[in-house]
Amino acid sequence: MDDAEVHSRLLLGTARYPSPAVLAEAVRRSKTEIVTVSLRRETAGGKAGGAFFELIGELGVRVLPNTAGCHSVQEAVLTAKMAREVFRTDWIKLEVIGHHDTLQPDLFGLVEAARILIGEGFQVFPYMTDDLVVAERLLEAGCRVLMPWCAPIGSAMGSVNPMALRAFRAQFPDVPLIVDAGIGRPSHAATVMEYAYDAVLLTTAVAGAGDPAAIAEAFALAIDADRLAHGAGLLEPRDMAVPSTPIIGKAVFS
């Protein structure tokens with residue numbers, strides 16, 4: 001990433017909200033500083049798309065365009081270039097979908113597209129699985145941040161492979177890591193933050209809630225609380241009981 005200073009550890013997607021007003025309120029209450037925007041989705045909306053871009057500009061947040069819906073390297077690269085022209089940013093969340101049912105990324109195409117875009121000056125945020133080998137390839141290509149999923153997009157299952165996410169963090173201790181996809185509840189977000197991840201990206205969990213603005217605030221509070229606790233030093237689990245009351249100096253009756 002560039003040297004932009006970002007304080008919030010919550011990124012929000014902007015799709016599937018009931019109305020622009022609800023989206024705006026969710027962004028405000030979440031206190032997010034970065035939102036993702038699909039160029040393909042919004043430009044397909046014609047005049048509505050223009051109004052949407054105007055709304056995003058009024059929110060005062062940084063835009064991370066994405067290549068959502070792209071199923072080939074060529075399609076993703078073209079979409080990224082168009083997004084750079086529209087949003088005037090070199091940031092791009094790179095998605096190259098390889099499987100229609102799970103929306104799992106095409107990891108081979110992802111690495112290829114990342115190499116092309118980084119060669120053209122983009123700062124690539126790659127949406128990927130928790131594959132360590134692919135992560136290495138993306139870092140070699142020039143990616144400075146990685147975005148592994150914790151479950152398929154929109155599934156709301158939370159972390160289905162905690163061991164893999166922990167291993168991912170351990171393998172790349174100095175790389176900014178953002179969990180992207182699969183989080184459904186604030187407790188899920190808190191859990192991945194306990195693995196020492198840097199941030200989470202949410203769309204469906206907020207936009208699909210009964211009260212998106214309230215759930216956005218709930219996620220922000222959960223993330224902040226867990227990062228505070230993690231920094232303070234959480235008590236690690238033990239395999240035996242430890243008394244909370246000292247036994248030294250206890251009264252003895254004879």
| Given the rule in the side-chain contact (heavy atoms from CB on, under 4.5 Å) test, do Leu59 and Val35 qualify, once you have shown the distances and angles that lead to the verdict? | CA-CA 10 Å; Leu59 291 174; Val35 298; 5.7 Å; no
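- You'll find the side chain of Met157 reaches within 4.5 Å of the side chain of Pro152, heavy atoms only.
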Item to complete: For side-chain contact (heavy atoms from CB on, under 4.5 Å), just list the numbers for Met147 and Val179, CA-CA rounded to whole Å, side-chain angles, deciding distance to a tenth of an Å, and then say yes or no.
Response: CA-CA 5 Å; Met147 303 182 75; Val179 170; over 6 Å; no
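- Rounded to the nearest 0.5 Å, atoms CG (Leu12) and CZ (Arg29) are 12.5 Å apart.
- Looking at every heavy atom in both residues, Pro18 comes nearest to Ala207 through CD-O, 4.1 Å.
- Two different hydrophobic clusters hold Ile215 and Leu221 under the rule that ILVMFWY side chains link at heavy-atom gaps under 4.5 Å.
- Using a 4.5 Å cut-off between side-chain heavy atoms of Ile, Leu, Val, Met, Phe, Trp and Tyr, with links allowed through other members, Leu201 and Ile153 fall into different hydrophobic clusters.
- Applying the ring pair (Phe, Tyr, Trp, His ring centres under 6.0 Å) rule to pairs touching residues 127-164 yields nothing, sequence neighbours excluded.
- Taking CG of Leu64 as the start and CD1 of Ile92 as the end, the distance is 7.0 Å to the nearest 0.5 Å.
- With Arg169 as the fixed residue, the salt bridge (Lys or Arg N to Asp or Glu O under 4.0 Å) test singles out one of Asp174, Asp130, Asp198: Asp198.
- Within the 4.5 Å cutoff, the side chain of Thr129 has no heavy atoms near those of the Pro148 side chain.
- Taking 4.0 Å as the cut-off between side-chain N and carboxylate O, Asp90 and Arg84 count as a salt-bridged pair.
- A distance-only check finds a donor-acceptor pair linking the side chain of Thr14 to the backbone of Thr36 [under 3.5 Å].
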Legend entry - side-chain contact (heavy atoms from CB on, under 4.5 Å) between Phe172 and Leu139, worked out: CA-CA 10 Å; Phe172 308 109; Leu139 293 175; 3.6 Å; yes
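- Of all the heavy atoms in Thr32 and Ser8, the pair that sits closest is CA-OG, 3.6 Å.
- Considering all non-hydrogen atoms of both residues, Cys143 and Ile118 come closest at N-CD1, 3.4 Å.
- From Arg115, atom CZ reaches atom CG of Leu138 across 8.5 Å, with rounding to the nearest 0.5 Å.
- For Glu75 (side chain) and His71 (main-chain N/O), a donor-acceptor pair under 3.5 Å exists by modelled atom type.
- The side-chain contact (heavy atoms from CB on, under 4.5 Å) test with Ile183 singles out one residue from Thr204, Val206, Thr203, Leu202, and that residue is Leu202.
- Atom CD in Gln104 sits 11.0 Å away from atom CG in Leu110 (nearest 0.5 Å).
- Residues Val160 and Ala151 share a closest heavy-atom pair of CG1-CB, 4.1 Å.
- Leu177 and Tyr195 fall within a single hydrophobic cluster, where Ile, Leu, Val, Met, Phe, Trp and Tyr side chains are chained together by heavy-atom contacts under 4.5 Å.
- Hydrophobic cluster membership differs between Leu11 and Leu103, with clusters built from Ile, Leu, Val, Met, Phe, Trp and Tyr side chains linked at under 4.5 angstrom.
- The hydrophobic cluster containing Ile97 does not contain Val111, counting ILVMFWY residues as joined when their side-chain heavy atoms lie under 4.5 angstrom apart, directly or transitively.
- Using a 4.5 Å heavy-atom threshold, the side chains of Leu165 and Cys150 count as touching.
- In this structure Glu33 satisfies the salt bridge (Lys or Arg N to Asp or Glu O under 4.0 Å) test with no other residue, sequence neighbours excluded.
- Closest approach of Ser30 to Ala220, counting heavy atoms only: O-CB, 3.4 Å.
- Ala189 and Ile223 get closest at one heavy-atom pair: CB-CG1, 4.0 Å.
- Here the side chains of Trp91 and Ile34 are in contact, with some heavy-atom distance below 4.5 Å.
- Contact of the Val37 side chain with the Phe87 side chain is registered, since non-hydrogen atoms from C-beta on lie closer than 4.5 Å.
- No side-chain heavy atom of Val96 sits less than 4.5 Å from a side-chain heavy atom of Ser72.
- The pair Glu217-Lys31 does not count as a salt bridge, with every side-chain nitrogen at least 4.0 angstrom from each carboxylate oxygen.
- Between the CG atom in Asp226 and the CE atom in Met193 there is a gap of 7.0 Å [rounded to 0.5 Å].
- Judged purely by distance below 3.5 Å, without hydrogens or angles, the side chains of His188 and Thr191 never pair a donor atom with an acceptor atom.
- Separating the CG atom in Leu55 from the OG atom in Ser19 is a distance of 9.5 Å, to the nearest 0.5 Å.
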task = Apply side-chain contact (heavy atoms from CB on, under 4.5 Å) to Lys93 and Val124, showing your working.
result = CA-CA 6 Å; Lys93 180 192 167 190; Val124 175; over 6 Å; no
